[in-house]
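From a predicted model like this one, the values you see are computed outputs, not experimental measurements. Basis for what follows: all heavy atoms, side chains included, without hydrogens, waters or symmetry-related copies.
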Amino acid sequence: MKKSLSLLVFIAIFTTVFAVNGCSNKDNPVTPTGPENNSISGEIIFVDTNFITTGGKYDIGAFPNPSVPPTFWFGPPSAFDTLTIIKEAGVFKAKYKLRGVQNGNYVIAVGFRKDTGGQSPIMGVLGCDTARARFGSTCFLNPTRVLIDNNVGVEGINFLSWADTTNKVY
């Protein structure tokens, strides 16, 4: 009887330890799929190589849907990210992720933010290729927008941008 009780206690402890540790997925954690909630992400492809290397940084921002275009250019973005530009297969690119973007429509634009202040030139706008995206153009006045609905993030928002600030859109 004593051996049976000892055996039962051993089996109970072994089973408990196995259940707690054996079912752990620490070596193969589950990674959620899909975009992060309230985020917009993608990749910028630069169409030229005349980058500014001092005096500021390249940023991307999500501007809230304006009631009358082009008012979104004159306010701060709802979310922004600093771009880290890399050269991959001979092409200059930057991946980005805008976090904390609330439900609504957003215009996505690339700019160069100067360290000393002043106007930041806009060099790329989602939905406007670099040949047509000029102040006053239809594309500029009514650019493509990204919708965040029910806090669901959006990924794969890729577009072209100038690197050279003299080729700015605005």
Applied to residues 98-126, the salt bridge (Lys or Arg N to Asp or Glu O under 4.0 Å) test, sequence neighbours excluded, yields E36-R99
Between D48 and A163 the two heavy atoms that sit nearest each other are OD1-N, 2.6 Å
Fill in: Cluster overlap L126 with V152, hydrophobic side-chain contacts below 4.5 Å
no
What one should report as the nearest heavy-atom pair of V47 and W162 is CG2-CE3, 3.5 Å
Rounded to the nearest 0.5 Å, the CD1 atom of I60 sits from the CG atom of L98 at a distance of 5.5 Å
side-chain contact (heavy atoms from CB on, under 4.5 Å) between Y106 and L147: does it pass, once the steps are laid out?
CA-CA 6 Å; Y106 295 89; L147 174 64; over 6 Å; no
inquiry  = With no hydrogens and no angle check, just 3.5 Å: does a side-chain donor-acceptor pair link N151 and N38?
reply    = yes
- Query: So do M123 and Y58 actually touch side chain to side chain, heavy atoms under 4.5 Å?
  - Reply: yes
Salt bridge (Lys or Arg N to Asp or Glu O under 4.0 Å) pairs touching residues 152-165, sequence neighbours excluded, are none
Between G124 and F159 the two heavy atoms that sit nearest each other are C-CE1, 3.7 Å
In residues 76-95, what donor-acceptor pairs under 3.5 Å come from side-chain atoms, sequence neighbours left out?
unit_1, atom_1, unit_2, atom_2, d
D81, OD2, K97, N, 3.1
T82, OG1, D59, OD1, 3.1
E88, OE2, K93, NZ, 3.0
K95, NZ, E43, OE2, 3.2

Sequence neighbours excluded, the answer for side chain to side chain contact (heavy atoms under 4.5 Å, CB included) partners of V154 is V146, I148, I157
Interatomic distance, CD1@I122 vs CZ@F63, rounded to 0.5 Å, equals 5.5 Å
Is any side-chain heavy atom of I108 less than 4.5 Å from a side-chain heavy atom of Y96?
yes
Practice item. Walk me through it: do N158 and I45 pass the test side-chain contact (heavy atoms from CB on, under 4.5 Å)? Key: CA-CA 8 Å; N158 309 325; I45 306 283; over 6 Å; no
